[in-house]
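We're numbering straight along the sequence, starting at 1.
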Amino acid sequence: TSLKNMRQFTLKAATQGVPYNKALVSLELEKAQSKEGQVYGKCTVRFLRKLTPEEARRATGFYEMCATFAAKMPVNE
């Protein structure tokens, strides 16, 4: 599944000393089908390269900005 792929990727990156938030990655959707015939998108994650220190700094700023927006979003329960 997509979550399994992401967990494996983050674990592998961490064991190689590359935190996921300091890596440029490719996220692609592949068409998959369950045993019951339900079609869904399966995410694959691929490491492209480490971010430069400047890119990592900018990425952290973008993450913080998005977290601020997300905290203000109403949650429908």
Side-chain angles (χ1 to χ4, degrees):
T1 66
S2 298
L3 291 176
K4 180 181 175 186
N5 289 346
M6 184 57 97
R7 276 193 298 267
Q8 288 175 337
F9 171 79
T10 54
L11 179 61
K12 183 177 179 182
T15 59
Q16 294 178 355
V18 182
Y20 73 91
N21 61 335
K22 293 187 179 174
L24 181 63
V25 299
S26 168
L27 301 174
E28 297 180 11
L29 288 177
E30 294 179 352
K31 186 176 179 180
Q33 190 169 0
S34 69
K35 293 176 186 174
E36 295 79 24
Q38 179 68 37
V39 176
Y40 63 96
K42 182 178 173 182
C43 184
T44 58
V45 187
R46 190 167 52 102
F47 175 82
L48 299 177
R49 67 175 174 83
K50 269 181 92 169
L51 296 178
T52 66
E54 174 61 16
E55 289 171 329
R57 184 190 65 73
R58 290 176 45 213
T60 298
F62 184 71
Y63 166 80
E64 290 169 353
M65 180 183 68
C66 290
T68 300
F69 291 145
K72 295 178 182 180
M73 299 280 295
V75 178
N76 297 330
E77 294 185 31

Sub-4.5 Å side-chain heavy-atom contact between Leu51 and Arg58: no
Listed once per pair and sorted, the salt bridge (charged side-chain N to carboxylate O under 4.0 Å, His left out) pairs that draw on residues 34-43, sequence neighbours left out: none
CE-OG1 distance between Met6 and Thr44, expressed to the nearest 0.5 angstrom: 10.0 Å
Closest approach of Arg46 to Glu28 (non-hydrogen atoms, all atoms of both residues): NH2-OE2, 3.9 Å
Side-chain touch Phe47/Val18, heavy atoms, less than 4.5 angstrom: yes
Closest heavy-atom pair and its distance - Asn5, Cys43: ND2-O, 2.8 Å
Audit row: Tyr63, Asn21, side-chain contact (heavy atoms from CB on, under 4.5 Å) steps and yes/no: CA-CA 9 Å; Tyr63 166 80; Asn21 61 335; over 6 Å; no
Reported CG-to-CD distance for the pair Leu3 and Gln8, which is rounded to 0.5 angstrom: 11.5 Å
Gap between atom CD of Glu64 and atom CZ of Phe69 - 0.5 Å precision: 12.5 Å
